[in-house]
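Note on naming: letters A, B, ... go to the chains in the order of the sequence lines (proteins, then strands), and numbering restarts at 1 for each one.
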Protein chains: 2
Amino acid sequence: MKAHIRYRPLIRNLRSTTEIAEEGIRQLLELPMIEQEVDKGYEVVHEGDHPTRCCLVLEGFAFRYRILVDGSRQIVAFNVPGDLPDLQSLHLKRMDHALATLSPARLAFIPHGALRDLTRKNYGVADALWRRTLIDAAILREWVTALGRKPAPARIAHILCELMARLSIVQLGNKSQVRLPVTQNELADALGLTYVTINRTLQDFSRAGIVDFRHQVLTIHNWPELQRIAGFDPDYLHLTCPLPKWGPF
Amino acid sequence: MKAHIRYRPLIRNLRSTTEIAEEGIRQLLELPMIEQEVDKGYEVVHEGDHPTRCCLVLEGFAFRYRILVDGSRQIVAFNVPGDLPDLQSLHLKRMDHALATLSPARLAFIPHGALRDLTRKNYGVADALWRRTLIDAAILREWVTALGRKPAPARIAHILCELMARLSIVQLGNKSQVRLPVTQNELADALGLTYVTINRTLQDFSRAGIVDFRHQVLTIHNWPELQRIAGFDPDYLHLTCPLPKWGPF
DNA sequence: CGCGTGGTTGAACTCTGTCAAACGAGGTGG
DNA sequence: CCACCTCGTTTGACAGAGTTCAACCACGCG
């Protein structure tokens, strides 16, 4: 049985957003997967690639990004364990962005053919996966809103809230201190800011006793205030169950 | 037969991005639809609604947006004829944003039940619709990139390129002059800018002989230059056929 | 012909970026 | 075990893109 502890994040991820049946989960886990351990900074797929398999993050963090002609980078998503970062490649042949790891990671690869066959056989699974891609789009709408209409402190607070919420779903962040393998430079490239602004704003947060983010460890001191600054409302994550109850939440 | 001329944009929209079969198109058009003519500014669905049907734009423009606590607005999508703006509501119960018309419009509404039944019966249709929602996500990634890393002139040029491309797909924009029922204020709320900046930048474009956008009529004088300023590459629209050949393209 | 919506203009201001340098913790090899 | 290197962070001075505020204009419509 493949229901190894390493697959729990995926199961929790799917269960938190859909009413997927036990049977569907089982069939998903029985798909032929190739596991691989990779270093930080490993490029899983490049912009322009035509992948023949989907990536599943088992451990570690990944991110998706584009490089502009002037050399600047925009990160369009962070991915935590349990995520299927390039699930869209099942239906969009060409990658319009790249996928790489933010930390040492354990990945699993599922061939498109097998996955597509399963979506034809079991539309509970198909719906669950479609729904996952729609939630990714909802997260992108939230990012557009933050980039378009929120000042730097709100953007930074928002991404911290989002990452905490998503980690707590897969039960990797249900405590007030969490390791986030994200540099200030990467935060900047996700939020449309520079690392200098990230640094100064994080210092403001620290001085105000809201959060500390040092050496890639995030410590939350005042969750309500962080949420208020961010204007964070987890509705856009479309969870079917409430966020776990712990300190912050 | 429902294959009225009014449904051509939908057909062209689907055909331009998927290899959907004749049979699938026919079954889609045979779904029970209720047509409705509405004024400019009609609120189709509100944030927080639980729609039971999907909206199809037959004529006119629509847009999707969110209102922040401070009263500011972020537009997260523009929709042209042939679009299914809230197709995601098939799998995400709660609307995380609102949908309204930018101009007088003719809409059609398809009950979720009938649409879901069709996706179960014909997975060519299911794949085509899933793919459409994935392309919407790709457009959002492009917007995130523009908002995060492009200066005002590039953002404005980009949205103009995108709208021209999308209109030309449904053969409503394959000329160098097009009516875009979008105010400068609405452009600003989509691009994370203020209407003052939009106005000044559009004047710069006009003076430079690139485009004129006056009285909601867009006239393109120098498409290559507009595309260059925008950093516009239509790959992210994932078209299966090249953009129509006309002046600009 | 008056009102409203959308567009235009100018001046002051401010957030965030740019540039440039220094610091510090962790890892590596001599 | 220490020198050294690298990556990420921190700091300061300055600049500038875009905002804010506050008018004013112009066209269309009842």
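Every residue two or more places apart in sequence or in another chain that forms a side-chain hydrogen bond (donor to acceptor under 3.5 Å, both in side chains) with T133(A) is listed here: W130(B). Remark: T197(B) engages T194(B) in a side-chain hydrogen bond (donor to acceptor under 3.5 Å, both in side chains) (not counting sequence neighbours). For R207(A), the salt bridge (charged side-chain N to carboxylate O under 4.0 Å, His left out) criterion is met by D204(A), not counting sequence neighbours. Residues passing the side-chain hydrogen bond (donor to acceptor under 3.5 Å, both in side chains) test with S103(B), sequence neighbours excluded: none. Residues forming a side-chain hydrogen bond (donor to acceptor under 3.5 Å, both in side chains) with E162(B) (at least two apart in sequence, or on another chain): W143(B), R166(B), Y236(B). Partners of S89(A) by side chain to side chain contact (heavy atoms under 4.5 Å, CB included), not counting sequence neighbours, listed by chain and number: P51(A), C54(A), D86(A), M95(A), H112(A). Among residues two or more places apart in sequence or in another chain, the side chain to side chain contact (heavy atoms under 4.5 Å, CB included) test is passed with D233(B) by D235(B).
For residues 61-71 of chain A, proximity to DNA chain C is found at no residue, defined as any non-hydrogen atom under 4.0 angstrom from a strand atom. At a non-hydrogen distance threshold of 4.0 Å, G192(A), L193(A), T194(A) from residues 182-194 of chain A come into contact with DNA chain C.
For the pair L147(B) CG and dT16(C) C1', the interatomic distance rounds to 16 Å; values are reported in whole Å. Taking atom CG of residue D204(A) and atom P of nucleotide dT16(C), one finds them 11 Å apart after rounding to whole Å. Atom CD of Q216(A) and atom P of dC7(D) are 14 Å apart (whole Å). Atom P of nucleotide dG6(C) and atom CZ of R179(B) are separated by 12 Å, given to the nearest angstrom. Nucleotide dG18(D) holds its P atom 7 Å from the CZ atom of R155(B), rounded to whole Å. Distance, R214(B) CZ to dT5(C) P: 22 Å, rounded to whole Å. One can place CG of D212(B) at 14 Å from C1' of dG7(C), the figure rounded to the nearest angstrom. As a whole-Å value, the separation of I198(B) CD1 from dT19(D) C1' is 13 Å.
Looking only at atom types and distance, the side chain of H238(A) has no donor-acceptor partner in the side chain of R94(B) under 3.5 Å away. Side-chain contact, T183(B) with E186(B): a donor N or O sits under 3.5 Å from an acceptor N or O.
Helix bend of the helix from dC1(C)-dG30(D) to dG30(C)-dC1(D): the angle between its two end axes, each built from five pairs, comes to 30° after rounding to 10°.
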- request: Could you check L58(A) against L107(A) for side-chain contact (heavy atoms from CB on, under 4.5 Å), going step by step and ending with a plain yes or no?
  value: CA-CA 5 Å; L58(A) 296 176; L107(A) 308 175; over 6 Å; no
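Among the protein residues, Q203(A) comes within range of the sugar-phosphate backbone only, with heavy atoms under 4.0 Å from sugar or phosphate atoms but none that close to a base.
For the pair N199(A) and dT10(D), the criterion of a side-chain N or O lying under 4.0 Å from OP1 or OP2 is met. A sub-4.0 Å separation between OP1 or OP2 of dT19(D) and a side-chain N or O of T197(B) is present. Contact between the side-chain N/O atoms of K150(B) and the OP1/OP2 oxygens of dA17(D) is not found at any separation under 4.0 Å.
Checking side-chain atoms of N222(A) against main-chain N and O of E225(A) turns up a donor-acceptor pair under 3.5 Å.
At a threshold of 4.5 Å between non-hydrogen side-chain atoms, the residues E59(B) and R6(B) count as touching.
Screening residues 67-81 of chain A for side chain to side chain donor-acceptor pair (under 3.5 Å), with sequence neighbours left out, gives R64(A)-N79(A), D70(A)-S72(A), R73(A)-D189(A), N79(A)-D83(A).
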message: Treating primed atoms plus P, OP1 and OP2 as sugar-phosphate and everything else as base, which nucleotides of nucleotides 21-30 of chain D get B, S or - for protein heavy atoms under 4.0 Å?
response: B---------
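Nearest heavy atoms, D96(A) versus R66(A): O-NE, 3.1 Å.
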